[in-house]
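Taking it in order: structure first as structure tokens, then the write-up.
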Amino acid sequence: MNESFALPHRDPSFLGRAELVDDVLPGYLDRSDDGVPIVVNGGVGIGKTTVIREAAHRLRSRYADMSWIDMTSAGSGQPAERLAAYLAAIGGRNGPHLLVLDGVSEPDDVVRYLPRDGTRVLITSRADAGVWHRVARVIQVPALPPAESVFLLRTLVHGLTEADAVRLASALDYLPLAMENAASWLTSGMTPGQLLEQLDSCASKILSGYRSSDFPRSLTGRLSKATSALAAGTEEDRRMLHLLHALIILGPHPFPTRALRGDRWEVSDSDERYLLTMYDLHRRLGGLRDRGLMTLQTGAVKLDEISGTVIRDLLADRPEDEAGAFEMAEQLLVAAVPERAATEGAWGDWALVTPSVLAFDPAHIRTGPGRKAIFDTYSYLMDSGRYKEVIDGLGHLRTAWAEHFAQCRVDEMVMMSVLARAHFGRGHYEDAERLNLQVYLERDRSLGPSDPMTLVASVYCALDLGAKGHHSDACEVAGVSWKEQCKIFGEESRTAMRTASYLARLQTPENPSGAYQQGMKIYRLQVDHLGVRHQHTLDTAHDLALCLIALNDFRKALPLLEDTLKYRKETLPPGHPDIIWTAAHFYLLSADLGRPVPQSGVRWACDGLRRTFDRDHHVVRRLMAIVKY
């Protein structure tokens, strides 16, 4: 037989996937006497070639001859010629034959040239299964299970502990090819800890193998070849590559294409190459999927994290593509974020989009719509109670946008206000007061004392005073702001009702009776105008219950807390601080009244508050006493 078609040597380290190799593949081949080829499908590094090579060796006794053609080395435009050479080489042979075509790009490259003499044909391809189903039977190669991944690493690297193997397998996304590349470094003397550090800083180099000869069959080599082909291709191929890079910038979480709005693409008209339509986007996503570079789900795009890291490293070596990638990523970000951060009922949309927004380094945001998307995302994080993320993230944002904030004080005031609210939510009242006072003084100076933005800032200053125990001063500041808001917006406006609710809260320690009357009036207005489940209404209901407790009217307070807790759970994300606070007060009042309380619920509320506050809080201490922490 012609040596160029010889079956490659068996891999002695092959393990696992017994069902696929021993049952599924032989069964499909037995049924392929109708001339329909079998396609083994999967992404880069999943182990398609290794699986099919092992299966071929195990089935060797069933065929008179086997031939193997590496289509990845055939060169552009040559698949037909190689198949013709194969058919000429086997001419006149008798008995069943198995032909393996490893690494076929797409069906049109080979299907019309396949032999029609009963030869069984087995193909590996990264192209999406959907493009093959009309011409072949498709077998999807699954990811290597964690237990088999750990066993593979420990087989390849003598002395590797199970704990280190578990950490490495997870970091390598359980991709067999990536694990083989990593193992080559471990056997050359690198420690598991050093390898994990290198994966964070230069994954593309580590996953090339430690010898230069490893590169072509490494994960980096295969991804480099795929992306280089796009870079050297048509203009559409290059745009596809920019899209791939943009999605990696927004990774590693799946990007929610379901959230995209087609009327919000144009971030900038500076370069028409990057202006998209929904049609363009999905056509290019389909092209990337067909090349095995990503997985498309209903409404989402998924890339393997380790593959994305390698491609990101490769992008850093192509500065000519980097600017276009960041510009397209910003377009995607702007088109995906919901309209307003705190819109009731939009929590699910924000939960989908936020990981991609936070993955984008804000230093690369260049436009007003892009900055607004970032601000709105942090407002969502603030509204959903993720205070620590807001504090950490906005600290980085201030550094990244120092020049912008120096020129645009309005944006800086918005950022400082959100940051102050996050500090207040965590109990950092001194930090919150410092920021809120700075925002108030700036707005008072630039906008005037009666401007709506100035009045809102003064209310936050009042809340800071109340948190420090200066209740009279706090009520005076909030009362002045409320009266001004009533003049400007009307007593039944959302802004005025919100401030009136805060005013009732601030009055409770010194005048609970007056606070209750004020709170009930506002609560009824909010129920009528906003609904009983609106977060402003529920905030007022919670404060009313605390006011009733101060008045020793426990009979009314307990059911009000119970209803508020029920509605908060229905309308807020799980674990939201407002849910935890209402639950904590409900459990404490129930316990004080001798009612049974669920220990698991009390422990959940206690743990939630302990995560929020950096120091002990009197409510936390009381909860801890109930569960005997």
Side-chain angles (χ1 to χ4, degrees), residues 252-256 258-259 297-300 302 336-359 376-393 418 421-427 530-543 545-546 558-591 596-614 617 619-620 622-624 626-627 629:
H253 299 276
F255 181 79
R258 73 188 68 180
Q297 304 162 348
T298 302
K302 178 74 170 66
V337 294
E339 285 288 354
R340 296 205 324 251
T343 301
E344 288 70 31
W347 297 107
D349 292 339
W350 275 104
L352 290 173
V353 172
T354 296
S356 297
V357 178
L358 296 181
D376 284 351
T377 300
Y378 279 107
S379 294
Y380 156 72
L381 291 174
M382 176 62 236
D383 291 331
S384 59
R386 292 158 64 176
Y387 306 132
K388 188 176 187 307
E389 287 182 72
V390 173
I391 293 169
D392 294 342
V418 174
R421 290 170 59 202
H423 278 299
F424 189 93
R426 293 211 76 190
L530 304 177
V532 71
R533 288 176 169 78
H534 193 281
Q535 296 313 312
H536 292 182
T537 308
L538 294 174
D539 288 343
T540 304
H542 179 101
D543 293 339
L546 299 185
L558 189 64
L560 184 56
L561 279 173
E562 187 173 22
D563 287 344
T564 304
L565 178 59
K566 172 188 171 184
Y567 293 142
R568 286 206 191 280
K569 287 181 175 179
E570 290 175 356
T571 54
L572 290 174
H576 192 287
D578 288 348
I579 299 176
I580 297 172
W581 271 118
T582 302
H585 285 119
F586 175 68
Y587 293 141
L588 289 174
L589 182 56
S590 297
V597 293
Q599 291 290 298
S600 60
V602 177
R603 190 173 289 107
W604 169 82
C606 183
D607 290 344
L609 290 180
R610 290 173 73 186
R611 284 193 300 271
T612 299
F613 287 93
D614 294 334
H617 189 280
V619 173
V620 175
R622 291 186 61 197
L623 291 170
M624 290 174 68
I626 293 176
V627 293
Y629 267 2

Ala422 and Met382: which non-hydrogen atoms are nearest, and at how many Å?
N-SD, 3.3 Å

So, taking the atom named OG1 in Thr564 and the one named NE2 in His542, what distance separates them when rounded to the nearest 0.5 Å?
8.0 Å

Short question: side chain of Thr377, backbone of Thr354 - any donor-acceptor pair under 3.5 Å?
no

Could you walk me through whether Asp578 and Leu538 pass the side chain to side chain contact (heavy atoms under 4.5 Å, CB included) check?
CA-CA 9 Å; Asp578 288 348; Leu538 294 174; over 6 Å; no

For a 4.5 angstrom cut-off between non-hydrogen side-chain atoms, does Leu588 reach Ile626?
yes

Rounding to 0.5 Å, atoms CD1 (Ile391) and CD (Glu389) come to a distance of 11.0 Å

Measuring from atom CG of Leu609 to atom CH2 of Trp604, what distance do you get when rounded to the nearest 0.5 angstrom?
8.5 Å

Any side-chain to backbone donor/acceptor pair from His576 onto Asp383? Under 3.5 Å, distance only.
yes

Ser384 (side chain) donor-acceptor with Leu381 (main chain) under 3.5 angstrom:
yes

Give the C-alpha distance, both sets of side-chain angles, the deciding distance and a yes or no for salt bridge (Lys or Arg N to Asp or Glu O under 4.0 Å) between Asp563 and Arg533.
CA-CA 10 Å; Asp563 287 344; Arg533 288 176 169 78; over 6 Å; no

Got a second to check how far Arg258's CZ is from Thr298's OG1, nearest 0.5 Å?
7.5 Å

Using a 3.5 Å distance criterion without hydrogens, assess whether the side chain of Arg610 forms a donor-acceptor pair with backbone atoms of Val620.
no

Side-chain heavy-atom pair Asp376, Val337 within 4.5 angstrom cut-off
no

Closest non-hydrogen atoms of Ser356 and Phe255, given as atom of the first, atom of the second and distance, are OG-CD1, 3.5 Å

Tell me the closest heavy-atom pair linking Gly531 and Thr537, and the distance in Å.
O-OG1, 2.9 Å

Which of Glu570, Glu562, Lys569 passes side-chain contact (heavy atoms from CB on, under 4.5 Å) with Lys566? It is Glu570

Minimum heavy-atom separation for Ala605 to Leu623, with atom names?
C-CD1, 4.2 Å

Please work out which of the three classes, parallel, tilted or perpendicular, describes the rings of Trp581 and His585, given edges at 30° and 60°.
parallel

CG of Leu560 to CG of Leu589: how many Å apart, nearest 0.5 Å?
10.5 Å

Between Ile580 and Gly608, what is the shortest heavy-atom contact and its length?
CD1-CA, 3.8 Å

Look at atom NZ of Lys388 and say whether more than 12 heavy atoms of other residues, nucleotides or ligands are closer to it than 6.0 Å.
no

Grab the two heavy atoms, one from Val418 and one from Ser379, that are nearest each other, plus how far apart they are.
CG2-OG, 4.0 Å

What distance separates His423 NE2 from Tyr387 OH, expressed to the nearest 0.5 Å?
13.0 Å

